[in-house]
Amino acid sequence: MSITESATTRSYVPYTSEMSANRYLNKSGDETWVAWAEAMVVAGFSSPSLFVLLGEIKPFNAFEMSALFDNIVEELGMPVVSSGQEAVETLAATIAEQYVRGRTGLNVTQSLLVQFPWGLASIYRDEDLHLDLLDYIGEWELSPEEKNAEADRLIREYHQMHPMTKWRPFEWERPCG
């Protein structure tokens with residue numbers, strides 16, 4: 001079992017920042033939300049709604065789980081994602097964090113970044129990791145090794161530019177950097 005898996009559900013465990021971004025994007029609750037609650041409790045976080053979310057079972061009620069998450073945010077005093085641009089940048093920073101920690105490889109990281117709703121908000125060009133990566137993936141003059149090296153550099157640079165500082169006190173696992 002990987003550290004990013006829950007002991008009870010063996011599902012992916014998202015970061016708190018990722019949970020907030022997904023909540024802003026109205027992505028409904030599933031077993032990863034329960035896995036997140038479990039990881040938070042194991043890490044020492046405590047709130048009445050966190051314990052209720054931890055006890056949720058299938059079939060999941062998206063409205064109830066969203067309300068529970070909103071209550072947890074209030075009970076723990078967590079920051080919230082408040083715009084589409086912030087949601088996308090937070091999700092990208094989370095994926096960059098996982099890559100830097102060695103949880104995901106370069107190909108998986110690039111695949112995940114391509115799936116984000118980059119067009120949701122106006123992302124400033126110098127903040128758009130997706131377009132940066134596409135520029136190098138499509139560059140015909142570069143060898144596959146050079147493309148991979150450049151993608152690695154871009155992801156690590158993005159990670160440095162987006163250290164997830166406001167989320168650090170509320171993550172079940174402390175972000176690196």
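Everything numeric here is computed off the predicted structure, so don't read it as measured data.
Ring centroid separation for the pair Tyr15 and Trp167 does not come in under the 6.0 Å cut-off. Checked against a 6.0 Å centroid threshold, the rings of Trp36 and Phe69 count as neighbours.
In terms of hydrophobic clustering, with Ile, Leu, Val, Met, Phe, Trp and Tyr side chains grouped at heavy-atom distances under 4.5 Å, Leu76 and Val42 are assigned to different clusters. In the hydrophobic clustering of this structure, Leu91 groups with Val108; members are Ile, Leu, Val, Met, Phe, Trp, Tyr whose side-chain heavy atoms approach within less than 4.5 Å, directly or through other members.
To the nearest 0.5 Å, the span separating OH on Tyr158 from CD1 on Ile95 amounts to 11.0 Å. The CG atom of Leu154 sits 10.0 Å away from atom CE of Met161, with the distance rounded to the nearest 0.5 Å. Atom CD1 of Ile72 is separated from atom CG of Leu53 by 4.5 Å, given to the nearest 0.5 angstrom.
Residues Phe60 and Glu31 share a closest heavy-atom pair of CE1-N, 3.4 Å. Closest heavy-atom contact between Ala87 and Ala21: O-CB, 3.6 Å. For Ser17 against Thr90, the heavy-atom pair with the smallest separation is O-CG2, 3.4 Å. When all heavy atoms are compared, the tightest approach of Thr109 to Gly105 is OG1-O, 2.8 Å. Nearest heavy atoms, Phe45 versus Pro169: CZ-O, 3.3 Å. Of all the heavy atoms in Pro79 and Ser20, the pair that sits closest is O-OG, 4.1 Å.
The shortest distance between side-chain heavy atoms of Val80 and Asp70 does not fall below 4.5 Å. The shortest distance between side-chain heavy atoms of Glu56 and Leu68 falls below 4.5 Å. Under the 4.5 Å side-chain criterion, counting only non-hydrogen atoms from C-beta, Met40 is not in contact with Leu54. Looking only at side-chain heavy atoms (C-beta outward), Val81 and Arg23 stay at 4.5 Å or farther from each other. Side-chain contact check for Thr32 versus Val13: every heavy-atom pair is 4.5 Å or farther apart.
A donor-acceptor contact closer than 3.5 angstrom links the side chains of Glu97 and His159.
Judged purely by atom type and a 3.5 angstrom limit, Trp172 uses its side chain to pair as donor or acceptor with the backbone of Pro14. Here the side chain of Gln98 pairs no donor or acceptor atom with the backbone of Thr104 at under 3.5 angstrom. Under the 3.5 Å distance criterion, the side-chain polar atoms of Thr16 are matched with a main-chain donor or acceptor of Phe170. In terms of modelled atom types and a separation under 3.5 Å, the side chain of Arg168 and the main chain of Pro163 share a donor-acceptor contact.
Salt bridge absent: Glu150 and Lys147 never bring a charged side-chain N and a carboxylate O closer than 4.0 Å. Look at Lys58 and Asp30 and you find no salt bridge, because none of the NZ, NE, NH1 or NH2 atoms lies under 4.0 Å from a carboxylate O. With respect to Lys166 and Glu86, a salt bridge is recorded, a charged nitrogen being found less than 4.0 Å from a carboxylate O.
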| side chain to side chain contact (heavy atoms under 4.5 Å, CB included) between Val34 and Met65, intermediate numbers included | CA-CA 9 Å; Val34 177; Met65 292 182 82; 4.1 Å; yes
| field | Ser49/Glu75 under side chain to side chain donor-acceptor pair (under 3.5 Å): CA gap, chis, key distance, verdict | value | CA-CA 8 Å; Ser49 298; Glu75 292 164 2; 2.8 Å; yes
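For the side chain to side chain contact (heavy atoms under 4.5 Å, CB included) test with Thr94, the passing option among Glu171, Met164, His162 is Met164; the others fail.
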